[in-house]
Every structure is written in C-alpha cells, then in structure tokens.
Amino acid sequence: MLDIKFVRKNPDLVKENIKKKFQDHKLGLVDEALSLDVSLREAKLEADTLRAKRNNASASIGTLMREKKIDEANKMKSEVVEINKKLEKLEQDEESFNQKLKKIMMTIPNIIDDSVPIGKDDSENVEVKRYLEPKVPSFDIPYHLDIIEKVNGIDLDSARKVSGNGFYYLMGNIARLHSAVISYARDFMIDKGFTYCIPPFMIRSEVVTGVMSFAEMDAMMYKIEGEDLYLIGTSEHSMIGKFIDTINDKTKLPYTLTSYSPCFRKEKGAHGIEERGIYRIHQFEKQEMIVVCEPEDSASWFEKLYNHTVDLFVSMEIPVRSLECCSGDLADLKVKSIDVEAWSPRQKKYFEVGSCSNLGDAQARRLGIRIKDDQGNYFAHTLNNTVVAPPRMLIALLENHLREDGSINVPKVLRPYMGNIEVIK
RNA sequence: GGAGCAGUACUCAAGCGGCUGAAGAGGUGCCCCUGCUAAGGGCAUAGACCGGGAAACUGGUGCGAGGGUUCAAAUCCCUCCUGCUCCGCCA
C-alpha cells in the first residue's frame, strides 16, 4: 500500500509502475484515488469545522447551566442538535470516501525496485544464479512418492481415511528426516544470528484481515468453528502480527527472527491438491525467517535472506538456483522477490522450494509497524523468506540423494539429527 | 469455563457527566543552591494520527477496542480484548 501523499506528488511515477506490471486496467485507479482524496479532505475540513463549533457550543452550555441560564442553554442545545444533523451526513461521506480510497489504495501496486526485470508473467522470470551442478544420474529417478514408499516412509491410505485427501502420515526414517531438516534449519538460522521463535498457530480474524486480502483468506485459511480463530497458513502471519500497531525503538532494530510452525492451507482454487504425493498438501511444516528493519537496510537484508536459503540447500548438497520474479509476476505488495528453486533430476528442471520478498514499507504502512527515533517516527521495512518447508523440499532431497538401489543417502549435515544414520533403506 | 476486580500519558496514580487533554507523585531534561555526597529550590516534559495554512499557528480524533445514551462521555449502558485473584479443568 502506497502513501496517498506519495501518489499526490508522483501520479505519473505510480502510473508508470502500473504499466511496468502490465496492469493497465488499473491506470484509472490513480486519478480516481486522487479525486477521492480531494473529496475526503474537503469533507473532513467541513466536518472538522462543524465539530469545532459543536465543541464550543457544548462547552458554553455547561457554563450557562452552572449560571442557571436555562433558556439560553436550551437555545444552544437546539443549535447543537442542528449541527449534529448536518454532521451526520458529512461523517457518512467522510467514512465512505475513506473506505473507497482505502480499497483503491490496496489495489494500486507497490513501486517495484529498479532492478526488477520487466516481464508479463512467470515465463519471463529471470534466473539469477545456479549453485551446485544440476546432475542427472544414469538410473531413472522415480516419482517422489514411490521413493518414499519403497522405504516405508508414508501412509496415505490411512491419512485419507482419517483426514482426507491432502494429508499424510510420514513414517519411520522419512518422518525422522523431516524433523531433522527442520531442526537443522532452525540451528542454521540461529547460527546466522536470528532469534528462534515458536509463534501461535492460531490467530484472530483481526490479524488475518490485517495480513492478507479477503480473497487470499477465503482460499487459504481454515476457521475454528465457534471461535474467532484461524489456523495459520504460514508463521509469517503470526510473526508479522506480532508487530501490528507497534512503534519500535530505533536502537532495537533490526528484528531478525526465525520461526517454526505447522502451516494449514485449504489450497482452494488455482491448483488444488495433487493427487499423489507431498508437493501440495493441506498441512505442512515450515521454518521461516522475517526481518523488520530500517528502510535503507532492506535491500541488503534481501540479499542476505535468500542467500541463507541457498546456503542451507547447498550445505545439504541439493543443487538450487535463484530466480527473480519479473514485474508482471510480482505480487502487488512486493518491491522485489526471488524464488529459490531446487533441482529435480526426475523432471530435469528446477521447482520452487522457497520465496524471499522485500515488502518495502507497504506491509508496515498497512499494519502500522513504525520506527521511532529522536526526529519522530516512520514506517519500517519488512521482509520474509522461507528457510525450508520439509515435505516439499524432501522431494528435492530424496531425488538428489537417491541411490541406484532405492536407498537414500542422508546428507552429512543432517546425520547428527538422524542418530548418525548415513543411509535410509 | 465460572465468580470478582482492574485497564488513564515514560511509570505509578486521581478523576466517576460540562469548570479535565487530564490533579498529584516518580522519572527524565535544563537551571539555581550546596566544598564533595546526601538533600533542597525553580522551570519544562502527550506521544500518536488526520486536516487547514507560505509561516507563525490552528482545527479534529485520541483515557484498552468497538458500539450506544446525551446538547456534552475518561466518567453512564452494551459487546469484546487484556491483566490480576479465587474456583473448576487439564498436558
């Protein structure tokens, strides 16, 4: 969400940015917002003047009553009643202008970073760099589910019976591998100086509507019946929620947090649940990182964040690449975004295992996350990035560490978390 | 989950319909006094958000949140949230 003052001063820049994102249908919104802004300020000025009159009149009624000048007081009272009648309409206008303006401002995209490549959709995303050589072994790599089933690592039949499609029982060493990845990722991030955090897994509707749009909410969030609570779709929800409406002491920044949580998603719409496997499911676990920092530091944090994910995967000997989101594929709130993709030797292509975003001050403005110094206060910048989401990343791990006999090599860094097992058979 | 009490500025706290945008105390800052220390005196100290104005300045909102009653709400009523105490129930 942009600052309306910024739009007032730079309408052309805002329009230019919309064009860069190939959302020309939104161009009209800029002028619409500006004219609503004018109407809103006019209504506000008029209403404020009336409110000032009312405050004065009410104060003098008090004085008159004390002096027992009842008649005069009653006369004033009826004046105030008149003012209130006029105000009623004006206040409605104020409210409706404000709502409309806010709604439009929510859909005007954030100004993207100059470095973001221009492109229409995800087909024009740009590979930034590859890490480790993407190898294809001489033997065939089976579908990930088959790999896991061969080592008795999953029970989908029971999960379907107990919870339905989109759930799984991870079993034995695969379950252990899953936990090992989470534990390793946690320690990896702690070593990078992040503060480990286990957040609430349910959040109030107030927070939900703060951190996402209604459409997203409908497509993703599970509601707890009879409670004003939703299961989180990612720990980012609780982690950013932690900072809603806060004024943060400049000296305490940056906040660099890494959080663990299960994630619950309806996955309604677009893709749906895959029939076979653990690529897209209703419940998974994720280690996340978020940063709340000074505006001038967000660009450098962005670089650090996605590189942490890259380093983590490289340390597990999984080839990855960084892929920059082009302008057209970039979500409206984001200034810049890079996906980390892992190599799939089966599909002979990379697939997404993490996503790193710099939101600039857009999220902070929307949620009221501010920084205070002796000059005053201003909006923080926020960033978030996946450290690792094991069920999905397990696909990459299994495919890249599969041996010809169907056993799975445990990456060295994970062995301490696996009772020093070297191979899963 | 039940019962009771509470939520006011950096902190504690008074106020319980108009004279309160908020007494008082502490803290903090500046100044004075004191050989040093302990102590004392004076002055200042609501941040935030949204408007208007070239500016000086000025209007509005704001006493946990949201509604309501009233000419007028920190103050009365309702809902919710949070904290504390007791009971119940549990890892």
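Reminder, nothing fancy here: chain letters follow the sequence lines and each chain counts from 1.
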Under a plain distance cut-off of 3.5 Å, with no hydrogens placed, do A:S235 and A:E288 share a side-chain donor-acceptor pair? no
Suppose you measure atom P in B:G2 against the same atom in B:U79; what distance do you get, rounded to whole Å? 13 Å
Please report the distance separating the C1' of B:G66 from the corresponding atom of B:G51, rounded so that it comes out in whole Å. 24 Å
Lys/Arg N to Asp/Glu carboxylate O, A:R204 vs A:E206, below 4.0 Å: no
Against the side chain of A:I61, the closest entry in B:C71, B:G59, B:G51 is B:C71
Check the distance between B:C49's P and A:D3's CG and give it to me in whole angstrom. 12 Å
Pair A:K161 + A:D157: basic N to acidic O under 4.0 Å: no
Would you indicate what A:N55 reaches in the nucleic acid, counting non-hydrogen atoms under 4.0 angstrom: base, sugar-phosphate, or nothing? sugar-phosphate
Spacing between A:M65 atom CE and B:G17 atom P, to the nearest angstrom: 15 Å
In Watson-Crick or G-U wobble terms, with both distances under 3.5 Å, the base opposite B:C49 is B:G60
Interface residues of residues 226-233 of chain A with RNA chain B (non-hydrogen, below 4.0 angstrom): none
Could you check how far CD of A:E95 sits from P of B:G66, rounded to whole Å? 12 Å
Mind checking the C1' distance from B:U70 to B:G17? Whole angstroms is fine. 9 Å
Need the pair for B:C16. Rule: Watson-Crick or G-U wobble, both distances under 3.5 Å, any strand; none if unpaired. none
Electrostatic pair A:K150-A:D146, nearest N-O below 4.0 angstrom: no
Who does B:C90 pair with, Watson-Crick or G-U, both distances under 3.5 Å? none
Identified pairing partner of B:U34, criterion: Watson-Crick or G-U wobble below 3.5 Å: none
For the side chain of A:K372, counting heavy atoms from C-beta on, which of B:G47, B:C50, B:A72 is nearest? B:G47
Rounded to the nearest 0.5 Å, what separation is found between the CD atom of A:Q287 and the CE atom of A:M189? 8.0 Å
Tell me, yes or no, whether the heavy-atom count around A:K26 atom NZ, taken from other residues, nucleotides or ligands under 6.0 Å, exceeds 12. yes
Checking N1-N3 plus N6-O4 or O6-N4 for Watson-Crick, or N1-O2 and O6-N3 for wobble, each under 3.5 Å, the partner of B:A23 is none
Salt-bridged, A:K75 to A:E72, with N to O below 4.0 Å? no
Nearest nucleotide by nearest heavy atom, which residue falls closer to the 5' end of RNA chain B, A:R8 or A:A47? A:R8
5'-most contact on RNA chain B (nearest-nucleotide basis), A:I247 vs A:N84, goes to A:I247
Using whole Å, report how far NZ of A:K53 lies from P of B:A72. 16 Å
Whole Å only: how far is the CG atom of A:L87 from the P atom of B:A72? 10 Å
I want to check one thing: is the phosphate of B:G52, taken as OP1 and OP2, less than 4.0 Å away from some side-chain N or O of A:R51? no
Lys/Arg-Asp/Glu bridge criterion (N-O < 4.0 Å) met for A:R51, A:E91: yes
Any strand: nucleotide that pairs with B:G29 via Watson-Crick or wobble, under 3.5 Å: B:C43
Determine the interatomic distance between C1' on B:U85 and the same-named atom on B:C78; round to the nearest Å. 25 Å
If I pick the C1' atom on B:C32 and the same atom on B:A48, what distance separates them, to the nearest angstrom? 35 Å
Using a cut-off of strictly less than 4.0 Å, decide whether A:R41 has a side-chain nitrogen or oxygen near OP1 or OP2 of B:G52. yes
Counting only Watson-Crick or G-U wobble pairs whose two distances fall under 3.5 Å, which nucleotide matches B:U85? B:A3
Would you indicate, yes or no, if B:C50 has its OP1 or OP2 atom less than 4.0 angstrom from a side-chain nitrogen or oxygen of A:N98? no
Below 4.0 Å: OP1/OP2 of B:C49 and any side-chain N or O of A:N377: yes
From B:C49, B:G51, B:G60, nucleotide with atom closest to A:A52 side chain: B:G60
Rounded interatomic separation in angstrom, taking CE from A:M202 and P from B:C81: 16 Å
Centre-to-centre under 6.0 Å for A:Y230 and A:H237, is that the case here? no
Nucleotide B:G51, atom P - distance to CG of A:L50 in whole Å: 19 Å
To the nearest 0.5 Å, how far apart are CD1 in A:I112 and CG in A:L330? 6.5 Å
Using both distances under 3.5 Å as the test, list the Watson-Crick or G-U wobble partner of B:A72, or none. none
Taking B:G64 as the reference, what is the distance to B:A14 when you measure between their P atoms (whole Å, please)? 14 Å
Please state the P separation for the pair B:C19 and B:G60 - nearest whole angstrom. 14 Å
Measure distances between side-chain N and O atoms of A:D48 and base N and O atoms of B:G60, and say whether any donor-acceptor pair falls under 3.5 Å. no
Compare the minimum distances between each of B:C50, B:G60, B:C81 and the side chain of A:R204, then state the nucleotide with the smallest one. B:C81
Suppose you measure atom P in B:G18 against the same atom in B:C77; what distance do you get, rounded to whole Å? 15 Å
Without decimals, in angstroms, what is the distance between A:R54 CZ and B:U70 C1'? 11 Å
